[in-house]
Amino acid sequence: QVQLVESGGGSVQAGGSLRLSCAVSGSTYSKYCMGWFRQAPGKEREGVATIYIPGGNSAYGDSVKGRFTISQDNAKNTLYLHMNSLKPEDTAIYYCALDRLNPFSSFRACLDLRKEYNYWGQGTQVTVSS
């Protein structure tokens with residue numbers, strides 16, 4: 001059973017930085033998609049960044065391009081989201097997600113921020129004050 005556990009959320013002032021981590025256990029997939037998503041109160045869930053593993057190809061939402069970076073450490077089985085130049089509108093609960101990539105699908109499927117995911121973490125709160 002795949003389990004995802006996020007950490008690293010907190011409160012920062014606008015312009016600050018945070019690094020979110022997502023520890024992955026139970027996954028035996030050789031090719032899969034992972035992503036970071038967020039949901040603010042009263043808003044729909046939004047795709048922040050996604051990555052194809054093992055290739056490392058990634059995609060970002062327009063609102064975070066140039067400020068956020070998604071990365072993965074295979075040795076630690078951990079997904080990261082490096083967030084810089086944070087804005088109050090980045091305030092949300094951040095979730096990581098994982099989904100197996102169909103062997104007959106292109107890695108580009110992982111780059112679709114609207115892709116459905118089967119496994120989700122419990123979320124971590126990020127609050128950015130002005």
**Complete:** For Ser21 and Thr78, the nearest pair of non-hydrogen atoms, with its separation, is CB-CG2, 4.1 Å

**Complete:** Nearest heavy-atom contact between Leu20 and Val126 is CD2-CG2, 4.0 Å

**Prompt:** Quick one: SG on Cys33 to CZ on Arg108, what's the gap to the nearest 0.5 Å?
**Reply:** 13.0 Å

**Asked** In Å and rounded to the nearest 0.5 Å, what is the CD to CD distance from Glu44 to Gln39?
**Response** 8.5 Å

**Message:** Between the side chains of Lys87 and Asp90, is the shortest nitrogen-to-carboxylate-oxygen separation below 4.0 Å, so that they form an ion pair?
**Reply:** no

**Prompt:** Cut-off 3.5 Å, side chains only: do Asn84 and Ser17 have a donor facing an acceptor?
**Reply:** yes

**Request:** Answer yes if Leu79 and Val2 sit in the same cluster of Ile, Leu, Val, Met, Phe, Trp and Tyr residues linked by side chain heavy atoms under 4.5 Å apart, and no otherwise.
**Result:** yes

**Prompt:** Which pair of heavy atoms, one from Gly123 and one from Ile93, lies closest together, and at what distance?
**Reply:** CA-CG2, 3.9 Å

**Asked** Which ring-ring contact (aromatic ring centres under 6.0 Å, His included) pairs, counting each pair once, include a residue from residues 17-55, with sequence neighbours left out?
**Response** Phe37-Tyr117, Phe37-Trp120, Tyr52-Phe107

**Asked** Among Val48, Ile70, Ile51, which residue meets the side-chain contact (heavy atoms from CB on, under 4.5 Å) test with Tyr60?
**Response** Ile70

**Asked** How close do Pro88 and Ser129 get, heavy atom to heavy atom, and via which atoms?
**Response** CG-C, 4.5 Å

**Asked** Just wondering, do Leu81 and Thr69 contact through their side chains at under 4.5 Å, heavy atoms?
**Response** no

**Asked** So among Arg38, Glu6, Gln125, which one has a side chain to side chain donor-acceptor pair (under 3.5 Å) with Tyr94?
**Response** Arg38

**Request:** Report yes or no: do Leu113 and Phe68 belong to one cluster of Ile/Leu/Val/Met/Phe/Trp/Tyr joined by side chain heavy-atom distances under 4.5 Å?
**Result:** no

**Request:** Check Leu101 against Cys110 and note the closest heavy-atom contact, atom names and distance.
**Result:** CD1-SG, 4.1 Å

**Request:** Identify the two heavy atoms, one from Arg114 and one from Asp112, that lie closest to each other, and give their separation to 0.1 Å.
**Result:** N-OD1, 2.9 Å

**Item:** Rounded distance [0.5 Å steps], CG in Asp99 versus OG in Ser27
**Value:** 10.0 Å

**Working for side chain to side chain contact (heavy atoms under 4.5 Å, CB included), residues Leu98 and Val24** = CA-CA 9 Å; Leu98 182 151; Val24 181; 3.9 Å; yes

**Request:** Could you walk me through whether Met34 and Leu4 pass the side chain to side chain contact (heavy atoms under 4.5 Å, CB included) test, one step at a time?
**Result:** CA-CA 11 Å; Met34 289 201 72; Leu4 308 174; 4.2 Å; yes

**Fill in**
Rounding to 0.5 Å, atoms CZ (Arg67) and OG (Ser85) come to a distance of 7.0 Å

**Request:** Indicate whether any N or O donor in one side chain lies under 3.5 Å from an N or O acceptor in the other, for Ser63 and Glu46.
**Result:** yes

**Item:** Asn74: partners by side-chain contact (heavy atoms from CB on, under 4.5 Å), with sequence neighbours left out
**Value:** Ile53, Gln72

**Prompt:** Does the side chain of His82 come under 3.5 Å of the side chain of Ser71 through a donor N or O and an acceptor N or O?
**Reply:** yes

**Request:** Taking atom NZ of Lys31 as the centre, report whether more than 12 heavy atoms of other residues, nucleotides or ligands fall under 6.0 Å from it.
**Result:** no

